[in-house]
Trainee: 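This is the structure, below, for whatever I ask next.
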Protein chains: 2
Amino acid sequence: MNVDKAMEKLKEEGYKYTDKRMDMLQLFKDESRYLAAKDVLEALKDKYKGLSFDTIYRNLSLFSDLGILETTELAGEKKFRFTCSTDHHHHHLICLECGKTRHIDECPMDVSPVSAEGFAVTGHKFEVYGYCNECQES
Amino acid sequence: MNVDKAMEKLKEEGYKYTDKRMDMLQLFKDESRYLAAKDVLEALKDKYKGLSFDTIYRNLSLFSDLGILETTELAGEKKFRFTCSTDHHHHHLICLECGKTRHIDECPMDVSPVSAEGFAVTGHKFEVYGYCNECQES
DNA sequence: GTATTAAATCGGAATCATTCTTATAAATTT
DNA sequence: AAATTTATAAGAATGATTCCGATTTAATAC
């Protein structure tokens, strides 16, 4: 996934081109880590002085619906990152400080599938937490 | 873990005996599933008319600090359940409707440990979601 | 290039879960 | 029973997120 592809996808689906959307996507591209809504506001508020949370949340949720962003919930906050280009299902090692990630290729559901009689499995979450190089120092 | 042991633990640690704590613990014992603060309030509000969220949250957090309750975060809510009696590390299959659980004995971190150079791992989360028998019907 | 239309944005209010504060009440100790 | 310490109620405060009405803007039709 990259910015151009994402903007194309928006167009295909009948959504409009706006500078704010473009800049939001560029931000996720540049950062390539999990960001919260407030991080996005922080990054763009200088360029767009009246930028509202509503706009950010609306677009984050749109991007995530279109598969442009991946999402997780960490410490009571929704976090978003550019969908990884690796097209196969995978998980992440996540820095609790800055949101930076590393891939985990092996999915526990493949290695030893979980199932239970009468229980309809619909999804799973596997995340490993810690602190990245840079964040350990501070 | 059971109600009596939990109340003993409270006493050992210098906390006071109150009917509300006892009833909260009994509730978790009876339900044996993940409950949110509002579920606890709902269950006890008839017996204790002025029961406040503060009391519930304070006690939930105390119980969880003492290892009496396990906790997870689901759909933006903190959820709590009686700590499983199996004393070894394990995970859960969780019903998204009612919070009922099944054990998953195998931990993905044992099967194929995740590590990464320069990344200090501090924890992980593995949960499988779905719908239990009863909740599938409705 | 202007008019039309549908979608996007702003600004602030509303909501929801959770935490904090201060005064009062209850449990434990003496 | 009095003194001490912890627990509680009630409501205010907080933080993240969503909703709403009015306005603006992008895409499309003319």
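Quick note on labels: first sequence line is chain A, next is B, and so on, each numbered from 1. Keep in mind the model is a prediction, meaning the values are calculated, not measured.
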Trainee: How many whole angstroms separate atom NZ of A:K78 from atom P of C:dC16?
Mentor: 14 Å
Trainee: Look at the side-chain N and O atoms of B:K38 and state whether any lies under 4.0 Å from the OP1 or OP2 oxygen of C:dC16.
Mentor: no
Trainee: Without decimals, in angstroms, what is the distance between B:Y15 OH and C:dA27 P?
Mentor: 18 Å
Trainee: Once you round it to whole Å, what is the distance between C1' of C:dT18 and CG of B:L35?
Mentor: 17 Å
Trainee: Let me spell it out: for each of A:G50 and B:E77, pick the nucleotide of DNA chain C with the closest heavy atom. Which residue's pick is nearer the 5' end?
Mentor: A:G50
Trainee: Please name all residues satisfying side-chain contact (heavy atoms from CB on, under 4.5 Å) with A:N2, sequence neighbours left out, ordered by chain then number.
Mentor: A:D4, A:K5
Trainee: Taking only side-chain nitrogens and oxygens of A:T55, does any of them come within less than 4.0 Å of OP1 or OP2 of C:dC10?
Mentor: yes
Trainee: Using the rule that two of Ile, Leu, Val, Met, Phe, Trp, Tyr join whenever any of their side-chain heavy atoms come within less than 4.5 Å, decide whether B:Y48 and B:V40 are in one cluster.
Mentor: yes
Trainee: I'd like to know if the side chain of A:R102 reaches the main chain of A:C95, judged simply by a donor and an acceptor atom lying under 3.5 Å from each other, with no hydrogens or angles considered.
Mentor: no
Trainee: Looking at the side chain of B:K16, which of C:dC10, C:dA26, C:dT9 is the nearest nucleotide?
Mentor: C:dA26
Trainee: Could you tell me the separation between the CG atom of B:L41 and the C1' atom of C:dC16, rounded to a whole number of Å?
Mentor: 14 Å
Trainee: In whole angstrom, give the distance that lies between atom CZ of B:R21 and atom C1' of C:dA26.
Mentor: 12 Å
Trainee: Of the nucleotides C:dG11, C:dT18, C:dA8, which has the atom closest to the A:R58 side chain?
Mentor: C:dA8
Trainee: Keeping A:N59 on the side-chain end and A:T55 on the backbone end, is there a donor-acceptor pair under 3.5 Å?
Mentor: yes
Trainee: State which residues pass ring pair (Phe, Tyr, Trp, His ring centres under 6.0 Å) with A:F53; sequence neighbours excluded, sorted by chain then number.
Mentor: A:Y57
Trainee: In this structure, how many angstroms lie between the C1' atom of C:dA7 and the CG atom of A:D19, rounded?
Mentor: 16 Å
Trainee: Whole angstrom is fine here: how far is it from NZ in A:K47 over to C1' in C:dT9?
Mentor: 16 Å
Trainee: Of B:L35, B:T71, B:L69, which is the lone residue that meets side-chain contact (heavy atoms from CB on, under 4.5 Å) with B:L60?
Mentor: B:L69
Trainee: So which residues get pulled into B:Y34's cluster when ILVMFWY side chains under 4.5 Å apart are joined, directly or through others?
Mentor: B:L74, B:I94, B:L96, B:Y129, B:Y131
Trainee: If the test is side-chain contact (heavy atoms from CB on, under 4.5 Å), which one of A:D110, A:D105, A:I104 qualifies with A:C107?
Mentor: A:D110
Trainee: Please tell me which of B:G76 and B:Y17 maps to the more 5' nucleotide of DNA chain C, matching each residue to the nucleotide holding its nearest heavy atom.
Mentor: B:G76
Trainee: Mind checking if A:T18 touches a base, just sugar-phosphate, or nothing, with heavy atoms under 4.0 Å?
Mentor: sugar-phosphate
Trainee: Between the side chains of A:K100 and A:E31, is the shortest nitrogen-to-carboxylate-oxygen separation below 4.0 Å, so that they form an ion pair?
Mentor: no
Trainee: State which residues pass salt bridge (charged side-chain N to carboxylate O under 4.0 Å, His left out) with A:K9; sequence neighbours excluded, sorted by chain then number.
Mentor: none
Trainee: Distances under 3.5 Å only, N/O to N/O: pair up the protein atoms with those of nucleotides 20-24 of chain C.
Mentor:
unit_1, atom_1, unit_2, atom_2, d
C:dC20, N4, B:D54, OD1, 2.7

Trainee: B:Y57 side chain N/O closer than 4.0 Å to the phosphate oxygens (OP1, OP2) of C:dT18?
Mentor: yes
Trainee: Mind calculating the distance between NZ (A:K11) and C1' (C:dA7) to the nearest angstrom?
Mentor: 14 Å
Trainee: With a 4.0 angstrom cut-off to heavy atoms of chain B, pull out the first and last contacting nucleotide of DNA chain D, in 5'-to-3' order.
Mentor: D:dT5 to D:dA10
